[in-house]
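Step one of this worksheet: look at the structure below.
Naming convention: chains lettered A, B, ... in sequence-line order (proteins, then strands); numbering from 1 in each chain. All values reported here derive from a predicted model rather than from experimental measurement.
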Amino acid sequence: MANDQKPSFYITTPIYYVNAAPHLGTAYCTMLCDVQARYRRAAGYDVKFLTGMDEHGEKVAEAAANHGFDTPQAWCDSQAPLFKNLWHELEISNDDFIRTTEPRQHHAVQYLWERMKESGYLYKGSYDGWYCVPEETYFTENQVKKSDEERETPGQHLCPDCGRPLERVQEESYFFKLSAFQDKLLALYDEHPDFVQPSFRMNEVRSFVEGGLNDLSVSRTSFDWGIPVPFDDEHVTYVWFDALLNYMTAVGYSLDDDASKAEYAHRWPAQYHVVGKDIIRFHCVIWPAMLMAIGEPLPEHVFAHGFLTVRNAETGKAEKMSKSRGNAIAPQDVVDLLGVEGYRYYFMTDVAHGEDSAISFERMEQVYNADLANSWGNLVSRSLNMSAKYFDGKTPELEAGWAQKDNPLRAIATGIEKRYAEHMDVMDYVGAKDVVMELVHAANHYIEDSTPWAVAKDEARAGELVDIIANLLESIRICAHLLSPFMPETSAEVLRRMSLEAEVDTCDLAAACEWGGIAGGVEVTKGDALFPRLATDKK
RNA sequence: GCCGGUGUAGCUCAGCUGGUUAGAGCACGCGGCUCAUACCCGCGAUGUCAUUGGUUCGAGUCCAAUCACCGGUACCA
């Protein structure tokens with residue numbers, strides 16, 4: 001429900017196409033959103049995090065038949081749990097899961113058609129294409145042209161798949177007058193340079209729009225697995241007016257009751273649509289144009305991430321993941337190696353912001369061992385152990401004002417939340433991680449410099465020992481908060497081991513990161529290693 | 001073909017508007033320590049900054065050309 005006390009933060013993943021089982025790429029995109037959603041909740045926002053599935057279209061109907069399902073709906077129903085279960089396993093904290101076959105989407109899409117009709121940006125025309133009779137497949141003019149060129153059979157119009165001659169077909173279709181929005185879109189990009197992120201993607205979008213826009217075919221008569229056009233029974237909605245609209249459907253668009261209207265007013269526009277770079281155009285060109293046409297506010301940002309590739313162990317080169325190459329890595333493979341939280345940490349902090357990235361199990365092990373086992377996990381281990389050992393299973397008793405004393409860790413921790421937020425706010429997780437790891441490394445360094453094991457042997461230095469351990473525990477507490485969006489369960493565990501369970505799931509991160517928050521004289525438990533070191537098979 | 005981008009240590013990348021001996025993390029080698037997950041801390045080596053030419057007192061940083069790689073060139077999400 002809408003919470004008017006806090007600002008809304010609405011973030012979405014694309015809706016994933018039902019025909020492809022969830023893979024490393026979809027998990028990556030969903031994790032990007034999850035980390036942002038968790039961060040924003042901690043930062044005091046009223047978050048809605050949406051993901052879901054795109055279930056309409058000709059290919060879904062075909063897949064259903066091929067898999068022996070009676071209806072496309074039954075096929076979709078069988079696939080939805082694959083996504084939901086994986087998101088659950090990967091600690092994805094989505095607040096909603098939309099499926100385009102749901103009644104709410106049906107209602108919203110039909111409502112959109114009426115608004116589009118009123119807008120004057122809709123007209124009926126004909127959509128030209130090429131049809132391969134034996135393959136029963138449609139191809140666009142460009143697909144055919146491209147394959148003819150590659151095959152060096154220009155102008156012959158041969159099927160890209162089987163090479164046989166194609167038939168020219170014309171289909172009646174509704175068109176959205178995308179061409180009318182060129183200037184408005186360019187103005188949007190000028191006025192909101194951060195509409196498309198990272199910034200280097202903006203150039204691609206802009207040059208595309210500058211090259212001129214064609215109107216967009218938005219309905220089909222050649223198949224019927226889709227939402228009917230309300231004023232024309234022959235037509236079903238083609239992808240654009242269906243898939244993209246899900247973002248608005250999920251926050252009450254088209255509904256007339258007071259609660260829904262309030263929800264929509266509170267939530268829309270979205271702050272972030274996170275998408276793969278392959279669908280950037282749909283979100284940065286078509287989608288804003290649609291919204292302009294019907295007079296709805298535009299989303300604030302579209303963030304496009306890169307693709308994950310696999311590093312070939314022998315050649316060192318990045319390759320596309322594919323079943324035929326046999327180089328595909330499944331989410332489960334990564335979970336098996338790193339655990340869920342190690343998985344999240346690796347993909348969120350070792351993939352350069354918005355860029356493609358070649359991943360490898362070797363690199364995963366390195367990052368896991370270096371950052372999680374050796375640095376962060378071991379810091380927690382040694383610090384909690386010393387606290388328990390020197391203070392009888394507890395944190396040291398603290399005198400009032402202890403937190404005001406200067407020390408190297410306090411110096412680094414001061415303002416750390418702000419530095420971290422600058423990166424998190426723009427989804428630069430690598431940069432945010434670096435800020436946190438600076439404190440982790442400093443804390444390990446501080447232990448060496450202050451030699452608490454030596455101080456503990458000298459009763460005259462008891463006060464000094466209290467300060468050392470308190471500074472360590474305090475640093476760990478702050479790091480746990482900052483790492484929580486990436487590794488929520490580990491951070492919660494760390495706080496619990498310091499008897500700070502009340503701080504888990506804070507919604508005031510800035511306050512939580514103020515120096516001086518630990519409790520004195522409470523139980524502390526060393527516990528098992530958070531991230532057991534992985535044995536690397538080095539020869 | 002056209003448009004755009006990239007090319008900096010073994011790997012992943014920083015290097016803003018040109019200015020002393022080119023940086024970080026990881027990986028690697030040596031030394032120290034022992035609270036800790038054989039961990040941590042210190043020290044160290046490595047780069048003709050893709051190539052060539054140009055502008056400049058001075059260029060990784062600007063310009064041109066060349067080579068290599070990548071993306072886009074729209075209705076598959």
Side-chain angles (χ1 to χ4, degrees), chain A residues 14-20 26 53-54 56-60 127 129 138-143 146 149 173 175-176 178 200-201 203-218 220 238-240 242-244 275-282 285-286 306-307 311 316-318 349-353 355-358 360 362-363 366-367 369-390 430-431 433-434 437-438 441 443-456 468-469 472 526 528-534 536 538:
Chain A
I15 46 174
Y16 300 117
Y17 204 50
V18 67
N19 279 6
T26 47
M53 296 202 317
D54 182 11
H56 285 131
E58 190 177 18
K59 288 188 178 171
V60 175
Y127 173 70
Y138 288 92
F139 297 96
T140 65
E141 186 76 45
N142 272 70
Q143 286 173 306
K146 194 179 280 181
E149 278 168 9
S173 171
F175 279 81
F176 170 57
L178 183 63
F200 61 85
R201 296 282 173 208
N203 298 332
E204 293 176 15
V205 172
R206 185 190 296 275
S207 67
F208 174 78
V209 173
E210 283 170 347
L213 297 170
N214 296 329
D215 291 344
L216 200 65
S217 166
V218 292
R220 284 290 185 277
Y238 191 56
V239 55
W240 323 113
D242 183 355
L244 288 164
V275 302
K277 66 179 186 179
D278 53 335
I279 53 173
I280 192 168
R281 179 165 314 133
F282 312 145
V285 179
I286 297 172
F307 284 160
R311 181 172 306 286
K317 296 212 168 142
T349 68
D350 200 54
V351 174
H353 187 56
E355 305 273 5
D356 288 358
S357 182
S360 69
E362 190 185 9
R363 177 71 181 168
Q366 282 180 0
V367 171
N369 277 342
D371 285 4
L372 298 183
N374 297 350
S375 297
W376 172 229
N378 189 44
L379 171 67
V380 172
S381 205
R382 63 200 303 212
S383 302
L384 298 191
N385 181 58
M386 284 190 280
S387 183
K389 190 168 174 179
Y390 303 141
V430 180
K433 176 267 298 186
D434 286 341
M437 291 310 285
E438 187 189 349
H441 290 131
N444 275 321
H445 194 157
Y446 177 71
I447 296 176
E448 297 306 311
D449 287 349
S450 55
T451 60
W453 53 90
V455 176
I468 293 169
I469 301 301
L472 284 173
K526 182 191 172 191
D528 295 334
L530 296 171
F531 300 100
R533 217 180 132 76
L534 295 172
T536 50
K538 278 274 159 56

**Report entry** Spacing between A:Arg533 atom CZ and B:rU37 atom P, to the nearest angstrom
**Finding:** 13 Å

Query raised in the report: For A:His445 and B:rG42, is the shortest distance between a side-chain N/O and OP1 or OP2 below 4.0 Å?
Result: yes

Query raised in the report: Touch check for A:Leu379, heavy atoms < 4.0 angstrom, all strands: base, sugar-phosphate only, or nothing?
Result: nothing

Query raised in the report: Listed by chain and number, what are the salt bridge (Lys or Arg N to Asp or Glu O under 4.0 Å) partners of A:Asp350, not counting sequence neighbours?
Result: A:Arg363

Query raised in the report: Nearest to the side chain of A:Leu530, which nucleotide is it out of B:rC75, B:rA77, B:rU37?
Result: B:rU37

Report task. May I have the distance from A:Lys59 (atom NZ) to B:rC75 (atom P), rounded to whole angstrom? Result -> 12 Å

Requested in this report: Grab the CD-P distance between A:Glu210 and B:rG4 for me, whole Å please.
Outcome: 11 Å

Query raised in the report: Base, sugar-phosphate, or nothing: which does A:Asp449 touch, judged by heavy atoms less than 4.0 Å apart?
Result: nothing

Report task. Indicate, with a heavy-atom threshold strictly under 4.0 Å, whether A:Asp242 touches base, sugar-phosphate, or nothing. Result -> nothing

Query raised in the report: To the nearest Å, how far apart are A:Lys526 NZ and B:rC35 C1'?
Result: 9 Å

Query raised in the report: So, do A:Leu372 and A:Leu530 sit near enough that their side-chain heavy atoms are less than 4.5 Å apart?
Result: no

Query raised in the report: Where does RNA chain B form stems of at least three consecutive Watson-Crick or G-U wobble pairs, each pair having both distances below 3.5 Å?
Result: B:1-7 with B:67-73, B:10-13 with B:23-26, B:28-32 with B:40-44, B:50-54 with B:62-66

Query - Spacing of the C1' atoms in B:rG5 and B:rA45 (rounded, Å) - result: 34 Å

Query - Interatomic distance at P, B:rG25 relative to B:rA14, whole Å - result: 16 Å

Requested in this report: Ignoring hydrogens and angles, answer whether the base of B:rC35 and the side-chain atoms of A:Glu448 contain a donor-acceptor pair closer than 3.5 Å.
Outcome: yes

Query - Partner set under side chain to side chain contact (heavy atoms under 4.5 Å, CB included) for A:Phe208, not counting sequence neighbours - result: A:Leu213, A:Arg281, A:Val285

Report summary line: Whole-Å distance, A:Glu204 CD to B:rG4 C1', equals 7 Å

Report task. Under 4.0 Å between any heavy atoms, over every strand shown, what does A:Tyr390 touch: base, sugar-phosphate, or nothing? Just pick one. Result -> sugar-phosphate

**Report entry** Atom pair distance, as rounded to whole Å: CZ in A:Arg220 and P in B:rC76
**Finding:** 8 Å

Query raised in the report: Are A:Arg281 and B:rU73 close enough that a side-chain N or O sits under 4.0 Å from OP1 or OP2?
Result: yes

Query - Results of salt bridge (Lys or Arg N to Asp or Glu O under 4.0 Å) for A:Lys277 - residues two or more places apart only - result: A:Asp356

Query raised in the report: Where the side chain of A:Ser217 is defined as all heavy atoms beyond and including C-beta, which of B:rU37, B:rA77, B:rC75 is the nearest nucleotide?
Result: B:rC75

Query raised in the report: For the side chain of A:Ser375 and the backbone of A:Ala370, is there at least one donor-acceptor N/O pair under 3.5 Å apart?
Result: yes

Query raised in the report: Mind checking the P distance from B:rG31 to B:rA68? Whole angstroms is fine.
Result: 47 Å

Report summary line: RNA chain B nearest-nucleotide lookup for A:Val218 and A:Lys433: closer to the 5′ end is A:Lys433

Report task. Taking atom P in both B:rU52 and B:rC26, compute the distance separating them and give it to the nearest angstrom. Result -> 34 Å

Query raised in the report: Which residues satisfy the salt bridge (Lys or Arg N to Asp or Glu O under 4.0 Å) test with A:Glu448, sequence neighbours excluded?
Result: A:Arg382

Query - Whole-angstrom distance between B:rG29 and B:rG7, as gauged at atom P - result: 30 Å

**Report entry** Interatomic distance, A:Ile280 CD1 vs B:rC76 C1' [rounded to whole Å]
**Finding:** 17 Å

Report summary line: From the candidates B:rU34, B:rA77, B:rG71, the one with an atom nearest any side-chain atom of A:Trp240 is B:rA77

Requested in this report: Using the C1' atoms only, state how far B:rU48 lies from B:rG42, rounded to an integer number of Å.
Outcome: 32 Å

Query raised in the report: Considering residues at least two apart in sequence or located in another chain, which fulfil the side chain to side chain contact (heavy atoms under 4.5 Å, CB included) criterion with A:Ala388?
Result: A:Val524

Report task. Mind checking A:Pro532 for me? I need base, sugar-phosphate or nothing, with any heavy atom below 4.0 Å counting as a touch. Result -> base

**Report entry** Rounded distance in Å between the C1' positions of B:rA22 and B:rG60
**Finding:** 8 Å

Report summary line: Comparing A:Thr451 with A:Ser207, nearest RNA chain B nucleotide closer to 5' gives the residue A:Ser207

Query - Interatomic distance where CZ belongs to A:Phe307 and C1' belongs to B:rC69 [whole Å] - result: 18 Å

Report summary line: Picking from B:rC35, B:rA74, B:rC75, the nucleotide nearest the side-chain atoms of A:Trp453 would be B:rC35

Requested in this report: Would you confirm whether A:Ser207, through its side chain, and A:Glu204, through its main-chain N or O, come within 3.5 Å as a donor-acceptor pair?
Outcome: yes

Report summary line: Residues at least two apart in sequence or cross-chain that pass side chain to side chain contact (heavy atoms under 4.5 Å, CB included) with A:Lys526, listed by chain then number, are A:Ser381, A:Asn385

Query raised in the report: Touch check for A:Ser381, heavy atoms < 4.0 angstrom, all strands: base, sugar-phosphate only, or nothing?
Result: base

Report summary line: Per the under-4.0 Å heavy-atom filter, residues of residues 370-377 of chain A near RNA chain B come out as A:Ala370, A:Ala373, A:Asn374, A:Ser375, A:Gly377

Query raised in the report: Choosing from B:rU37, B:rC35, B:rC26, which nucleotide comes nearest the side chain of A:Phe531?
Result: B:rU37

Requested in this report: Taking only the side-chain nitrogens and oxygens of A:Tyr16, find out if one of them lies under 4.0 Å from OP1 or OP2 of B:rC76.
Outcome: no

**Report entry** A:Ile447, nearest nucleotide to its side chain (from B:rG42, B:rA74, B:rC35)
**Finding:** B:rC35

Report task. Identify the heavy atoms of A:Phe282 and A:Asp278 that sit nearest to each other, and give their distance. Result -> CE1-O, 4.4 Å

Query raised in the report: When the P atoms of B:rA59 and B:rG19 are considered, how many whole Å apart are they?
Result: 11 Å

Query raised in the report: Which residues pass the side chain to side chain donor-acceptor pair (under 3.5 Å) test with A:Asp371, sequence neighbours left out?
Result: A:Tyr345

Query - A:Ser387 OG to A:Leu472 CG distance, which is reported to the nearest 0.5 Å - result: 9.5 Å

Query raised in the report: Does a sphere of radius 6.0 Å around CG in A:Asp528 hold more than 12 heavy atoms from other residues, nucleotides or ligands, not counting ones at 6.0 Å or beyond?
Result: no

Report summary line: Checking B:rA77, B:rU37, B:rC40 against the side chain of A:Ala529 (C-beta onward), the nearest is B:rU37

Query raised in the report: Touch check for A:Gly431, heavy atoms < 4.0 angstrom, all strands: base, sugar-phosphate only, or nothing?
Result: nothing

